[in-house]
J.: 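This is the structure I have questions about; it appears just below.
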Amino acid sequence: MAEIKVKVGSVTNAQKAKRVLLNNGIYAKIQRAVQIKKGDGCGYSIVFVGQKEPALHLLKQAGIIIISVTSHDISG
């Protein structure tokens, strides 16, 4: 299992992304970036545990602009 962090450009996009994922059975939370780089917008991410590709597909279908995606394995 992996924890996925999807960086989006604004808090509005983060809220929309969270709603899209929750409506599709994926628990997600909004996280504020600690270090914001130029071009990252307001620096918000959506964090969830699960499969990356189906969730990204849902977000793209909803028109969410994705700045970056990171993941790390949490299955010990």
Side-chain angles (χ1 to χ4, degrees):
M1 194 65 63
E3 179 182 74
I4 315 297
K5 187 180 287 188
V6 180
K7 190 179 289 185
V8 296
S10 69
V11 70
T12 305
N13 272 336
Q15 292 167 336
K16 183 177 177 183
K18 179 181 177 180
R19 190 169 43 253
V20 166
L21 293 177
L22 289 174
N23 288 341
N24 286 278
I26 302 170
Y27 173 77
K29 62 183 179 180
I30 297 173
Q31 189 175 70
R32 180 82 163 108
V34 178
Q35 295 179 349
I36 303 169
K37 299 175 188 168
K38 187 174 181 175
D40 283 355
C42 296
Y44 284 89
S45 296
I46 301 301
V47 181
F48 62 93
V49 174
Q51 296 180 332
K52 178 171 59 172
E53 294 307 320
L56 292 179
H57 180 72
L58 290 170
L59 296 175
K60 288 176 184 175
Q61 277 187 319
I64 304 294
I65 297 170
I66 297 170
I67 294 173
S68 68
V69 179
T70 56
S71 66
H72 72 275
D73 188 20
I74 59 171
S75 59

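Numbering of residues begins at 1 and proceeds along the displayed sequence.
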J.: With a 6.0 Å cut-off (strictly less than), is the heavy-atom count around CD of Gln51, excluding the residue itself, greater than 12?
T.: no

J.: How close do Ile4 and Ser71 get, counting heavy atoms only, and between which atoms?
T.: CD1-CB, 3.4 Å

J.: Just checking Ile65: does its CD1 atom have more than 12 heavy atoms from other residues, nucleotides or ligands closer to it than 6.0 angstrom?
T.: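 Counting other residues, nucleotides and ligands, CD1 of Ile65 stays at 12 neighbours or fewer.
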
J.: Quick one: side chains of residues 54-62, donor-acceptor pairs under 3.5 Å with protein atoms, not counting sequence neighbours, listed by atom name and distance.
T.:
from  : atom 1 : to    : atom 2 : distance (Å)
His57 : NE2    : Gln61 : NE2    : 3.4

J.: Any chance you could measure Ile64, atom CD1, to Gln15, atom CD, to the nearest 0.5 Å?
T.: 10.5 Å

J.: Could you give me the CA-CA distance, side-chain angles and deciding distance for Ile30 and Tyr44, then say whether side chain to side chain contact (heavy atoms under 4.5 Å, CB included) is met?
T.: CA-CA 7 Å; Ile30 297 173; Tyr44 284 89; 3.8 Å; yes

J.: Taking all non-hydrogen atoms of both residues into account, name the closest pair between Ser45 and Lys5 and its distance.
T.: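 Heavy atoms only, the tightest pair is CB-CG, 3.6 Å.
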
J.: For a quick test of reading the model, state the closest non-hydrogen atom pair linking Val47 to Gln31 and the distance between them.
T.: CG2-OE1, 3.6 Å

J.: Could you work out the complete set of other residues in the hydrophobic cluster of Tyr27, with links drawn between I, L, V, M, F, W and Y side chains under 4.5 Å apart?
T.: Leu22

J.: Applying side chain to side chain contact (heavy atoms under 4.5 Å, CB included) between Ile46 and each of Ile26, Leu21, Val69, report the one that passes.
T.: Leu21

